[in-house]
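One-based numbering, in listed order, for ligands and for the atoms of each.
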Amino acid sequence: MSLLSGKGTAHRSDTAEMVAARVAVFDAGLYEPVVSAVADSVPDGPGTVVDAAAGTGAYLSAALRGDRVGVAVDLSKSCARVAARCHPRVVSVVADLWSQIPVADGSAGAVLSVFAPRNAAETARILAPGGRWVIVTPNPGHLAEIVEPMGMLRVGDAKARRLAADLDGAFDIVSTRRVTAVRELTAERLADVAGMGPAGFHRSRTELESAAGDLAGDASVIATLDVTLTVARRAV
Ligand SMILES: C[S@@+](CC[C@H](N)C(=O)[O-])C[C@H]1O[C@@H](n2cnc3c(N)ncnc32)[C@H](O)[C@@H]1O
């Protein structure tokens, strides 16, 4: 289902090639420690779980326990197609987070923002009383071993400042946790990890595979996941 207005958006949605790379990364379990940490941070209880910029829906499907229902929201049609199949109780919607999250006021038990743009005002509007905002942001050390050789974007300190600004006033932090894990990547997975992120917008698959081959050869390289998981609730 698409809720785009037709006016277009200034934001870039992930391409089909980037989504295929993301599917391969999650299928290989490379982000499993982050997926589990997100799922564990979603409190049991009533209310929809909304994944705002859901990508393939990997985090959302892992977070749905009992008979809970999920809504996957993403600007990318390719993402929405994959997310629609991620779980039988997930509804997948193409929508721009900067317009409106297509969910009723106070109806979300949890909102997920994982490596994603954040609309704090909309999140505050849809969260139910007692609901949680589960946010994952990369730390400067995230995938640091492969950032430069693969032409990926370096994570700066601004991410933490931006998160503080988003939460300021409207949200209280419930918990903060760092999740790190060392992963071993073959050349193919290396191209996928790079290609599923912003590098996928400016480097072709052939370029990424060539860089990955130079780095990993027939063996593998080590890359460290390093993220912060923040859980927040609406300030009263
Ligand atoms: C880095 S990916 C993260 C996806 C997913 N949360 C994950 O970690 O696997 C960022 C996602 O944000 C989506 N996106 C970017 N701008 C958006 C917007 N304005 N509204 C909705 N989704 C957006 C992209 O299409 C992409 O799926």
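- The shell of residues lying under 4.0 angstrom from ligand 1, judged by heavy atoms, includes Pro117.
- Using 4.0 Å as the threshold, Pro198 has no heavy atom nearer than that to any atom of ligand 1.
- Looking at Gly200, Ala53, Ala52 and measuring to atom 4 (C) of ligand 1, the nearest heavy atom belongs to Ala53.
- Proximity of a side-chain donor or acceptor of Arg132 to a complementary backbone N or O of Val42 within less than 3.5 Å is not detected.
- The main-chain N or O of Ser220 is never found under 3.5 Å from a side-chain atom of Glu184 such that the two would form a donor-acceptor pair.
- At least one donor-acceptor pair closer than 3.5 Å links the side chain of Asp74 to the backbone N or O of Ser76.
- The shortest N or O to N or O distance between Ala116 and ligand 1 is not under 3.5 Å.
- Within the structure, ligand 1 lacks Thr56 among the residues with a heavy atom less than 4.0 angstrom away.
- Within ligand 1, the atoms closer than 4.0 Å to a non-hydrogen atom of Cys79 are 27 (O), numbered from 1 in the order shown.
- No side-chain donor-acceptor contact under 3.5 Å links Glu209 to the backbone of Ala191.
- Interface atoms of ligand 1 facing Asp96, defined by a heavy-atom separation under 4.0 Å, are 18 (C), 19 (N), 20 (N).
- Contact atoms of ligand 1 toward Leu75: 16 (N), 17 (C), 18 (C), 19 (N), 20 (N), 21 (C), 22 (N), 23 (C) (distance under 4.0 Å to a heavy atom of the residue).
- For Ala58, the closest heavy-atom approach to ligand 1 does not fall below 4.0 Å.
- The N/O atoms of Arg22, backbone and side chain alike, include one that comes under 3.5 Å of an N/O atom in ligand 1.
- Polar contact with ligand 1: absent for Asp51 (N/O pair, distance under 3.5 Å).
- Among residues at least two apart or in separate chains, side chain to side chain donor-acceptor pair (under 3.5 Å) pairs with a member in residues 55-68 are Asp44-Arg65.
- Proximity annotation for atom 1 (C) of ligand 1: of Tyr31, Phe115, Phe26, Phe115 comes nearest, heavy atoms only.
- Side-chain contact between Thr176 and Thr228 is present, with at least one heavy-atom pair separated by less than 4.5 Å.
- Atoms of ligand 1 found under 4.0 Å from any heavy atom of Ala95 (numbered from 1 in listed order, with element): 20 (N), 21 (C).
- Atoms of ligand 1 lying under 4.0 Å from any heavy atom of Trp98, numbered from 1 in the order shown and given with element: 19 (N).
- Taking the six-membered ring where the residue is Trp, Phe171 and Trp133 present tilted rings, their angle falling between 30° and 60°.
- Between Leu229 and the choices Val34, Val38, Asp40, Thr137, the side chain to side chain contact (heavy atoms under 4.5 Å, CB included) rule is met once, by Val38.
- For ligand 1, the atoms sitting less than 4.0 Å from at least one non-hydrogen atom of Gly55 are 4 (C), 5 (C), 27 (O), numbered in the order shown with element in parentheses.
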